[in-house]
Amino acid sequence: MLVVMKAQATPEEIQAVCDHIVQLGFRAHPLPGAQRTAIGITGNQGEVDRGNLESLSGVAEVIRVSKAYKLASRDVKEEDTVVRVAGGAAGVAAIGGRDLAVIAGPCSIESREQAFAIAEQVATAGAQFFRGGAYKPRTSPYAFQGLGLDALKIMAEIRDKFGLRIVTEALDTESLDLVAEWADVIQIGARNMQNFSLLKKVGRLRKPVLVKRGLSATMEEFLMAAEYVMSEGNYEVMLCERGVRTFADHARNTLDLSIIPALRHVSHLPILVDPSHGTGRRDSVLPMARAAIAAGADGILVEVHDHPEKALSDGQQSLYPAQFATMMQELEQLAPIVGRRLPRGVAVDSRQ
């Protein structure tokens with residue numbers, strides 16, 4: 001159910017409606033919009049008495065939301081959500097809206113020297129966010145699993161020096177608390193898209209969350225993963241298309257760009273695209289990044305490594321820094337054509 005407040009409803013009236021919903025034994029989710037505030041109701045197994053709610057001060061109407069994903073749906077919030085990511089001294093960067101977001105960095109943090117070298121180059125090229133794996137889910141138990149807490153500390157130093165907000169993956173509920181403490185955005189990887197206990201715990205935090213699409217997830221399953229997070233009260237959620245498994249053998253995965261307009265039609269959440277995992281091929285990343293922006297994505301998540309031939313994970317899909325700089329130049333030229341803007345990150349002083 002959805003309670004639509006009048007445009008002139010006061011904060012006190014909105015809070016009174018939320019309190020009433022809680023008294024009924026349900027959960028209230030206030031979602032402010034540009035013209036109105038909508039209050040989603042979850043926890044109800046059947047129809048809620050509309051007359052009881054419509055009689056409350058400030059209420060315009062009560063409607064039923066038919067979609068399984070209630071809070072992620074445009075039925076609840078018509079305006080596009082803009083997630084604002086604070087990064088300490090780095091300031092605030094937006095994901096969604098007119099500006100395009102670029103998240104770049106190595107698949108794994110391998111050493112302080114490696115991470116700092118890459119961070120300086122992606123920051124100089126204009127990225128606003130730095131990605132790097134501290135905890136790595138690997139198919140083989142013998143593959144490099146990440147540096148853990150040491151990697152998180154390295155990325156915190158990178159944020160302080162280069163002004164890049166940090167995006168990294170929480171692998172499980174055990175690593176989540178550390179990731180939430182050190183990172184600016186918590187990433188839920190494709191393998192964990194339906195790890196419901198992890199999604200619930202992330203939802204109880206108040207930190208932006210990036211949910212990657214599962215390897216064979218439908219659009220509704222993808223949105224339901226976001227719904228798990230939002231149902232716990234965390235509405236700072238972003239979606240990331242990273243390719244799905246198909247019969248194709250020319251790429252690691254099939255990057256499904258058709259999901260961008262489909263998601264845009266039914267959901268207000270920001271949409272990012274990862275062409276690195278989506279293709280698994282360095283030579284495919286740039287053209288698919290361009291295509292993603294042309295299709296309406298709010299940003300790009302790419303892997304960059306200064307020596308990909310020596311990378312401990314996913315070197316074959318990592319851009320060289322010079323290729324990343326070229327990508328940024330091309331996206332900057334493309335952005336105005338689709339009504340977007342590519343803001344530059346902070347200036348980097350290598351003498352610091």
Side-chain angles (χ1 to χ4, degrees), residues 83 85 87 90 93-95 99-110 114-134 136 151 154-159 161-169 183-187 189 208 210 212 238 240-243 255 270-293 297-308 311 313-332 334-335 340 342-348 350:
V83 176
V85 182
I95 299 180
D99 289 347
L100 297 174
V102 177
I103 305 170
C107 177
S108 303
I109 302 298
E110 300 166 7
Q114 168 249 18
F116 266 70
I118 298 169
E120 180 174 359
Q121 293 177 89
V122 300
T124 299
Q128 310 105 336
F129 298 83
F130 183 78
R131 59 139 296 141
K136 296 301 300 178
I154 290 169
M155 287 188 282
E157 290 184 64
I158 285 171
R159 175 176 53 221
K161 181 169 184 179
F162 300 112
L164 296 166
R165 299 100 190 144
I166 303 304
V167 181
T168 193
E169 181 176 354
D184 302 307
V185 177
I186 301 168
Q187 177 181 308
L210 187 154
K212 282 197 162 187
M238 298 156 277
C240 183
E241 162 61 29
R242 48 82 64 210
L255 189 61
I271 306 163
L272 299 170
V273 171
D274 178 352
S276 297
H277 281 94
T279 64
R281 295 173 55 98
R282 185 180 303 115
D283 59 0
S284 297
V285 171
L286 176 53
M288 297 312 292
R290 292 194 302 253
I293 298 304
D298 294 304
I300 298 295
L301 178 72
V302 294
E303 292 185 355
V304 180
H305 201 293
D306 53 349
H307 297 288
S313 57
D314 287 347
Q316 72 281 0
Q317 65 192 35
S318 299
L319 296 176
Y320 286 95
Q323 292 175 313
F324 176 73
T326 298
M327 187 195 83
M328 292 295 287
Q329 292 168 2
E330 294 194 9
L331 293 186
E332 189 171 31
L334 174 62
R340 310 299 282 268
L342 183 64
R344 290 289 179 166
V346 298
V348 176
S350 59

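Computed from heavy atoms alone, side chains included, the values below leave out hydrogens, waters and symmetry copies. Being a predicted model, the structure only gives us computed values, none of them experimental.
- Put simply, CD on Glu169 and CG on Leu210 are 10.0 Å apart, with the number rounded to the nearest 0.5 Å.
- For the pairing with Asp274, the side-chain contact (heavy atoms from CB on, under 4.5 Å) check across Lys212, Glu241, Gln317 returns one residue only, Lys212.
- The shortest heavy-atom contact between Leu319 and Phe324 is CD1-CA, 4.1 Å.
- You'll find the side chain of Leu331 reaches within 4.5 Å of the side chain of Met327, heavy atoms only.
- Remark: side-chain polar atoms of Ser276 are not paired, donor with acceptor, to backbone N or O of Val302 under 3.5 angstrom.
- Side-chain contact between Gln316 and Asp314 is present, with at least one heavy-atom pair separated by less than 4.5 Å.
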Candidate pair His277 and Glu303, rule side-chain contact (heavy atoms from CB on, under 4.5 Å), full reasoning: CA-CA 9 Å; His277 281 94; Glu303 292 185 355; 2.8 Å; yes

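- Residues Met328 and Val122 fail the side-chain proximity criterion, which asks for heavy atoms closer than 4.5 Å.
- With sequence neighbours left out, Asp99 forms a side chain to side chain contact (heavy atoms under 4.5 Å, CB included) with Arg341, Pro343.
- Note that the CE atom of Met238 and the CD1 atom of Ile186 stand 9.5 Å from one another [nearest 0.5 Å].
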side-chain contact (heavy atoms from CB on, under 4.5 Å) evaluation trace for Asp298 with Arg340: CA-CA 9 Å; Asp298 294 304; Arg340 310 299 282 268; 2.6 Å; yes

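- Listed here is the closest heavy atom pair of Ala104 and Ala127: CB-CB, 4.4 Å.
- Counting all heavy atoms, side chain and backbone alike, Ala119 lies closest to Leu164 at O-CD1, 3.7 Å.
- In this structure, Ala325 and Ala125 approach most closely via the heavy-atom pair CA-CB, 4.1 Å.
- We find the CG-CG distance between Leu100 and Leu334 to be 8.0 Å, quoted to the nearest 0.5 Å.
- Residues Leu301 and Phe129 fail the side-chain proximity criterion, which asks for heavy atoms closer than 4.5 Å.
- Atom-to-atom distance recorded for Ile103:CD1 and Phe130:CZ is 12.0 Å, nearest 0.5 angstrom.
- Using a 4.5 Å cut-off on side-chain heavy atoms (C-beta onward), Val85 and Gln128 make no contact.
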Gln121/Val304 under side-chain contact (heavy atoms from CB on, under 4.5 Å): CA gap, chis, key distance, verdict: CA-CA 9 Å; Gln121 293 177 89; Val304 180; over 6 Å; no

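- Of all heavy-atom pairs between Thr168 and Ala183, the closest is CG2-CB, 3.7 Å.
- Interatomic distance, CD1 of Ile118 versus NE2 of His305, reported as 4.5 Å (0.5 Å rounding).
- Using a 4.5 Å heavy-atom cutoff, the side chains of Thr279 and Val285 are in contact.
- Arg282 CZ to Gln323 CD: the interatomic distance, rounded to the nearest 0.5 Å, is 6.0 Å.
- Using a 4.5 Å cut-off on side-chain heavy atoms (C-beta onward), Asp184 and Pro208 make no contact.
- Asp306 and Gln114 get closest at one heavy-atom pair: OD1-CG, 4.4 Å.
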